[in-house]
Amino acid sequence: MKEHFTSTVLGIPRIGPNRELKRATERYWSGALDAEGLETVARDLRLDSVRALQSAGLDSVPVNTFSYYDQVLDTAVMLGALPERVAAVVDPLDRYFAAARGTATIAPLEMTKWFDTNYHYLVPEIGPSTEFRLDATKVLGELREALDAGIPARPVLIGPVTFLLLSKAVGTEDSPLTRLDEIVPLYVELLEQLADAGAQWVQLDEPALVADRTAAEISTARAVYEQLSAVPRRPAILVASYFGSLGDALPALASTGIDGIAVDMVAGDDVIATVPALSRTLVVAGIVDGRNVWRTDLEAALATLASMLGSAHTVAVSSSCSLLHVPYTVDAETELDDALRSWLAFGAEKVAEVVALATALSHGRERVERALEESRDAQSSRAHDPRLSNPAVRERLRTIGSGATRAPAAHRRVQQEAALPLPVLPTTTIGSYPQTSAIRVARAALRSGEIDDAEYRARMRSEIVDIIALQEKLGLDVLVHGEPERNDMVQYFAERLDGFFATSSGWVQSYGTRCVRPPILFGDVTRATPMTVDWITYAQSLTDKPVKGMLTGPVTILAWSFVRDDRPLADTARQVALAIRDETVDLEAAGVRIVQVDEPALRELLPLRSADQGAYLDWSVDAFRVATSGIADSTAIHTHLCYSEFGAVIGAIAGLDADVTSIEAARSHMEVLDDLAAAGFELGVGPGVYDIHSPRVPSIDEIAASLRLALKSVPVNRLWVNPDCGLKTRGHAEVEESLRNLVEAAKLVRSET
Ligand SMILES: CN1c2c(nc(N)[nH]c2=O)NC[C@@H]1CNc1ccc(C(=O)N[C@@H](CCC(=O)N[C@@H](CCC(=O)N[C@@H](CCC(=O)O)C(=O)O)C(=O)O)C(=O)O)cc1
Ligand SMILES: N[C@@H](CCS)C(=O)O
Ligand SMILES: [Zn+2]
């Protein structure tokens, strides 16, 4: 075995402790900062991060986990696999951003969920025109930068199998995986270049191996790593898995000549002792949770690690996955009470936990007695805190039981048409209108005390006046209030529910420069007072057209929060559902006739292994039904789904039993409609008729063509007309033009029916 290390993490956040990279990149895009200025910000952030990891005591430090946008896009650049359409952009940085975000004339790469996280990657397009060619500039640069600073740097790269499994075939039916024999030689060349540059170890990430894989795919992975490990001049190879168990891929990888395997001991349950070949390999034990924010129970972790050592393995301690998914440090949180603070570990605190565990393994637990004691105290404080348990909500849920349902859909439909007549092909939007800088500045001013609550509300009301006026002018049929008052569709609710607390600086990258501040769900969840009724009723007071109530569903609230790990997720989902149910009832009592309950993350939480999916779909559908079955038959429930390949959840979408489902469909050319029909879906549906992820304004003809296509799969009396998703990231001018065309297209197609 090559000389091994004892402590590491698989990756680190990169957006900057105060979102410095986000701000610098957005300034570069707007022309306010040049490329050199942007690179200076980036280099300073990289060096600060790796120096902090070294001084915290890690003896192997990941590098090349920095990215200007996304690590999968970086890998595509490294392999020469950008689509031909961006080649016309001469400057490499601008070409990179063109692939990520598109330009006025170039469509960007598709963006999709990174496994079951709230991070999104760009999907490489592999086809006949792809000519792979190695360009290792980025990784070699970041390696050199760290080595020059005296850091024991370990370059991190996406492995070849995962890269191709995450790519999509374009212009061919052949799976990208058939191109392995073209990219493996590039990885061989890369290993040689990294060795020459002084890398002792390299990390090749293969998270795709924790999902269900065929025997053929696993033996392909084995063959790849046999080939790579046979390279004579190379760094030691660590193959990293995360987000679940490797299962059969573990013995397959262990049988090759690789030097280390990282296993996720939080989300996975691989049993190291059952794979004898692992005794030749460094086992990098991902025992510190890289995805949630709870402090590690160090005693329990030490016991697990000791049993691995007992079975004669060489072990290094690590995070279970990259720390990209957690905020930088708890130290930045100024508004937490001491008890809550003591339960948490963000990025920096997780690194300290890794170091404490590794020190205990190498030098004995007495060296870290203080850390062990603090960990024990935190476990005990959390277990006994009265805020964690609310007997009333538990009792309420027991009485609701399972299987909450409404009357049959056909009956509801009659009631709803009588309560709220609408034209055929009703037009609507998904909820949010542009979150302008004026809105965010007002919110920042409220936080800093520069304006008071009354002034803030007045400003938001004035936004709502404008948004309602715009929709009336455009002639939309079902209006929304535009969500100006929401910092985020999950955080807004979490800030108003008991059982959650919000962070002040806990930013996590969602995609590109877009970040979220996931709230922390720590105790039983209840709703003290209505959360949205004032805003919706105000919007309704401004118009005779119906305004939709707008809520986020229980599964999405959980998916985009850090959730408690001391209760089953299914129970917590039902508690959140009850809070949303109470809100639907209050909206209805205030005269609202349509309540939309968004579940864009329904697909995201789907377990990666099919064996676990059925149980998840059961409880997630049940939670939605608990949330939406408290109202009269005459009140319509709408839902909205996006950001997904819906395949495995199509049946569940039907199971939600929402009266109308708006669903992302523009990019898949309405294919989802046939899938829904095949799953027996017979309710209202609003397939998105244009993609809101791009500033491009769709023409009337284009939208009309989408509607005609949709009408081949959905009867006219069930079809709604709406964009793919909310408009919060778009600008006012393009929104107005796009929606004008949407309304015109609906009129045109109505005249044809
Ligand atoms: C639909 N999506 C969402 C996901 N997850 C969520 N939790 N929420 C989502 O909506 N996952 C899947 C997708 C991902 N998509 C997006 C899209 C857009 C964003 C985004 O725009 N994020 C914003 C931050 C949003 C926010 O919290 N805003 C706050 C704070 C705003 C702020 O930064 N204020 C400044 C001062 C004001 C100024 O000068 O502009 C400051 O504090 O310094 C708010 O509005 O109050 C982003 O900017 O990244 C995320 C995911
Ligand atoms: N109502 C939300 C859904 C986003 S998925 C919005 O319009 O932004
Ligand atoms: Zn959406």
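One is the number of the first residue; the rest follow in order along the sequence. Atoms within a ligand are numbered from 1 in the order they appear, just like the ligands themselves. Treat the numbers as computed from the prediction; the structure is a model and nothing was measured. No hydrogens, no waters, no symmetry mates; every other heavy atom, side chains included, goes into these values.
- Atom CD in Glu485 sits 12.0 Å away from atom CE in Met531 (nearest 0.5 Å).
- Around atom 49 (O) of ligand 1, the closest heavy atom drawn from Cys515, Ser510, Ser437, Ser448 belongs to Cys515.
- Ligand 1 is never approached by Arg486 to a heavy-atom distance shorter than 4.0 Å.
- Using a 4.0 Å cut-off between charged side-chain N and carboxylate O, Arg291 and Asp565 make no salt bridge.
- Distances from ligand 1 to the non-hydrogen atoms of Thr513 include at least one value under 4.0 Å.
- Scanning for ring-ring contact (aromatic ring centres under 6.0 Å, His included) contacts around Tyr511 gives His120, with sequence neighbours left out.
- If you check which protein heavy atom lies closest to atom 48 (O) of ligand 1, you get Lys22 NZ, 2.7 Å.
- When only interatomic distances are considered, the shortest N/O to N/O separation between Arg19 and ligand 1 falls below 3.5 Å.
- Partners of Ala98 by side-chain contact (heavy atoms from CB on, under 4.5 Å), not counting sequence neighbours, listed by chain and number: Val86, Val89, Thr103.
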Step by step, would you call Phe522 with Phe501 a ring-ring contact (aromatic ring centres under 6.0 Å, His included)? CA-CA 8 Å; Phe522 70 96; Phe501 59 85; 5.3 Å; yes

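- When atom types are taken as modelled, the side chain of Asn18 and the backbone of Glu20 share no donor-acceptor pair closer than 3.5 angstrom.
- Protein heavy atom closest to atom 8 (N) of ligand 1, with residue, atom name and distance, is Asp488 OD1, 2.6 Å.
- Closest heavy-atom approach to atom 25 (C) of ligand 1 within the set Asn118, Asn487, Ile430, Leu446: this belongs to Asn487.
- Between Arg696 and Glu734 there is no salt bridge, since no side-chain N of the basic residue sits under 4.0 Å from a carboxylate O of the acidic one.
- Residues meeting the ring-ring contact (aromatic ring centres under 6.0 Å, His included) test with Tyr433, sequence neighbours left out: none.
- Between Trp507 and ligand 1, a contact under 3.5 Å exists for no N or O pair.
- Nearest to atom 46 (O) of ligand 1 by heavy-atom distance, out of Arg514, His640, Arg443, Glu483, is Arg443.
- Using a 4.0 Å cut-off to heavy atoms of Pro600, the atoms of ligand 2 that qualify are 5 (S).
- A salt bridge links Glu110 with Lys168; the closest basic N to acidic carboxylate O contact falls under 4.0 Å.
- Annotation: protein N, O or S atoms under 2.8 Å of the Zn ion (ligand 3) (waters excluded) comprise His640 NE2, Cys642 SG, Cys725 SG.
- At a threshold of 4.0 Å, the pair Arg461-Asp534 does not count as salt-bridged, since none of the basic side-chain nitrogens sits closer than that to a carboxylate oxygen.
- A heavy-atom separation below 4.0 Å is found between Arg23 and ligand 1.
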